[in-house]
Amino acid sequence: MEGNFEELMATRADVQLTPPPLLSKLQDLKEQVHETSEKLKTSNVKFTKAARQNPLTSDNLRKVQADRQFAADIIADLLMELGKSGSFQSLQDAVAIEKEKKANLYSTITREQEGRKKIKLLQKQLQDVQQEKKVELQSRIELIAHLKDQLQEMKAKTSMEGKYIKKDTELQVSQTQKKCNIAESDLQMELQKMKEKMDEEIRVHVEIENFLRQHQQELEEKLEYWMEKYDKDTEEKQAELNTLKTSRTNDLSLLTDLAKQYEEFDTVITEDRLEKEKAEQQKNQEKMELTSVIKIQAWWRGLMVRKNLGPYAKTKSKKGKETGKKGKKGGKKKK
């Protein structure tokens, strides 16, 4: 440290010999160096207090030695830079690097604190979950005991119900047998009635069969009559159909001839109508042309009169007077 101080004093002596334009810049550098030394002193005092409060261990001594060596290196680099270029950029760079390291350290500490808080919160949540599971387990054990009691009750109740159902079933079987015997006797009686009814149905069937045979014979005779009538009517209708076909063929040929005549007449009428339309258009065209010619002639005559051209040049004064009189008359009429 004493060697660094002597180099600093030598640098200050050299600075006094520098030209006036650099004095202001060096003065600023001195002030900044002074501020930096003051900060180092303050940090040294704080470290001394901390060292007094906490006993020095081997780790703390190594840290102090490393910090001292770091400060000595920075000051040496600063003195060399001041001696060479008169700036202190190395000091600023070192301070910026230390600030960045300190910020990274603080961010790491902050993340560690947040992680510890999250761990404590998760531990608390785990304890709450364990407590809830214990309570739930206890309630389930109580539920199992309650269900076992209910099972015993259900077994006893089931055995009693089984005995009751067995007796009830035996009683129902005996009642069903009695009902079956009664139903069997009823069915026997009904069977006897059905046999009597079948005998009667057979007798009725024989009578109906005889009646149907007689009726069938009558129907066969009628069928033969109607078949003969059908053949006669069919022949008559076939003859009528042939006549209608012949007349239809004649009508179709007549219709074809009429259609041809209609087409010829329609063609003639269409041609005549087109000729009439063309004649009408030609007439209208000639009429329009005549009207245009008359208008052009009237315009040309009026132009010659106004300009006194051609045969109207000799009577200029007379026609001027006449036109003046006509103009006065026309003005009076217009009024």
Side-chain angles (χ1 to χ4, degrees), residues 21 24-25 87 89 92-93 96-97 99-100 103-104 107 110-111 114 212 214-335:
S24 60
K25 185 176 180 180
S87 63
Q89 185 64 34
Q92 292 179 348
D93 294 340
I97 291 169
K99 284 183 178 179
E100 186 178 357
N104 293 331
S107 64
T110 304
R111 288 197 299 271
E114 291 178 355
L212 290 174
Q214 184 179 359
H215 188 62
Q216 182 181 7
Q217 187 176 2
E218 293 176 358
L219 290 175
E220 287 177 355
E221 293 175 356
K222 288 182 179 180
L223 179 61
E224 185 177 359
Y225 167 75
W226 283 109
M227 287 297 290
E228 293 177 356
K229 184 174 176 58
Y230 169 75
D231 293 335
K232 290 180 181 180
D233 293 341
T234 303
E235 291 176 356
E236 292 176 359
K237 294 298 180 184
Q238 186 65 38
E240 292 179 1
L241 181 61
N242 294 330
T243 305
L244 289 173
K245 285 182 179 179
T246 304
S247 62
R248 179 176 176 276
T249 304
N250 297 328
D251 292 338
L252 284 174
S253 62
L254 180 61
L255 180 62
T256 304
D257 296 336
L258 291 173
K260 290 181 180 178
Q261 292 179 5
Y262 173 76
E263 289 178 357
E264 293 175 356
F265 292 155
D266 186 50
T267 304
V268 172
I269 291 168
T270 303
E271 291 177 354
D272 183 62
R273 185 171 63 250
L274 292 174
E275 290 177 357
K276 287 181 179 179
E277 288 178 356
K278 287 181 180 179
E280 185 68 24
Q281 290 178 358
Q282 184 68 27
K283 187 177 179 181
N284 291 332
Q285 183 67 26
E286 292 176 355
K287 187 177 180 180
M288 290 174 66
E289 290 177 356
L290 180 62
T291 305
S292 300
V293 169
I294 292 169
K295 287 182 179 180
I296 291 168
Q297 289 177 354
W299 172 78
W300 177 248
R301 287 175 183 172
L303 181 64
M304 292 178 70
V305 171
R306 286 193 298 273
K307 300 292 183 178
N308 297 319
L309 301 173
Y312 302 100
K314 296 178 180 181
T315 59
K316 181 179 179 181
S317 59
K318 292 180 180 181
K319 287 183 177 180
K321 291 179 181 180
E322 289 178 359
T323 52
K325 291 179 181 180
K326 288 180 180 180
K328 290 179 181 180
K329 289 179 181 181
K332 288 179 181 181
K333 288 180 180 181
K334 288 180 180 178
K335 289 179 181 181

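Heavy atoms only: backbone and side chains are in, while hydrogens, waters and symmetry mates are out. It should be emphasised that the depicted structure is a prediction, and the values quoted were computed from it without experimental measurement.
Between Gln238 and Leu241 the shortest side-chain heavy-atom distance falls below 4.5 Å. In this structure, Leu223 and Met227 have side chains that are in contact, with non-hydrogen atoms separated by less than 4.5 Å. In this structure the side chain of Glu240 never reaches within 4.5 angstrom of the side chain of Thr243, judged on heavy atoms. Side-chain atoms of Glu228 and Asp231, non-hydrogen and from C-beta on, never get closer than 4.5 Å to each other. Using a 4.5 Å heavy-atom cutoff, the side chains of Gln216 and Leu212 are not in contact.
Note that the NZ atom of Lys278 and the CD atom of Gln281 stand 9.0 Å from one another [nearest 0.5 Å]. For the atom pair Met304 CE and Trp299 CH2, the distance stands at 11.0 Å (nearest 0.5 Å). In this structure, CD in Gln214 is found 11.0 Å from CG in Leu219, a value given to the nearest 0.5 Å. A distance of 9.5 Å separates CD in Glu235 from NZ in Lys232, rounded to the nearest 0.5 Å. Atom CD in Glu280 sits 9.5 Å away from atom CD in Glu277 (nearest 0.5 Å). Atom CG of residue Leu258 and atom CD of residue Glu263 lie 11.5 Å apart, to the nearest 0.5 angstrom.
The main-chain N or O of Val268 is never found under 3.5 Å from a side-chain atom of Asp272 such that the two would form a donor-acceptor pair.
Enclosure of atom CD in Gln297 by more than 12 non-hydrogen atoms of other residues, nucleotides or ligands within 6.0 angstrom is indicated. Surrounding CD of Glu289 are more than 12 heavy atoms belonging to other residues, nucleotides or ligands, all under 6.0 Å away. By the neighbour-count criterion of 12 heavy atoms within 6.0 Å, atom CD of Gln217 is sparsely surrounded, having that number or fewer from other residues, nucleotides or ligands.
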In sequence, state the C-alpha distance, the side-chain angles, and the governing distance for Arg248 and Leu244, and then conclude on side-chain contact (heavy atoms from CB on, under 4.5 Å).
-> CA-CA 6 Å; Arg248 179 176 176 276; Leu244 289 173; over 6 Å; no
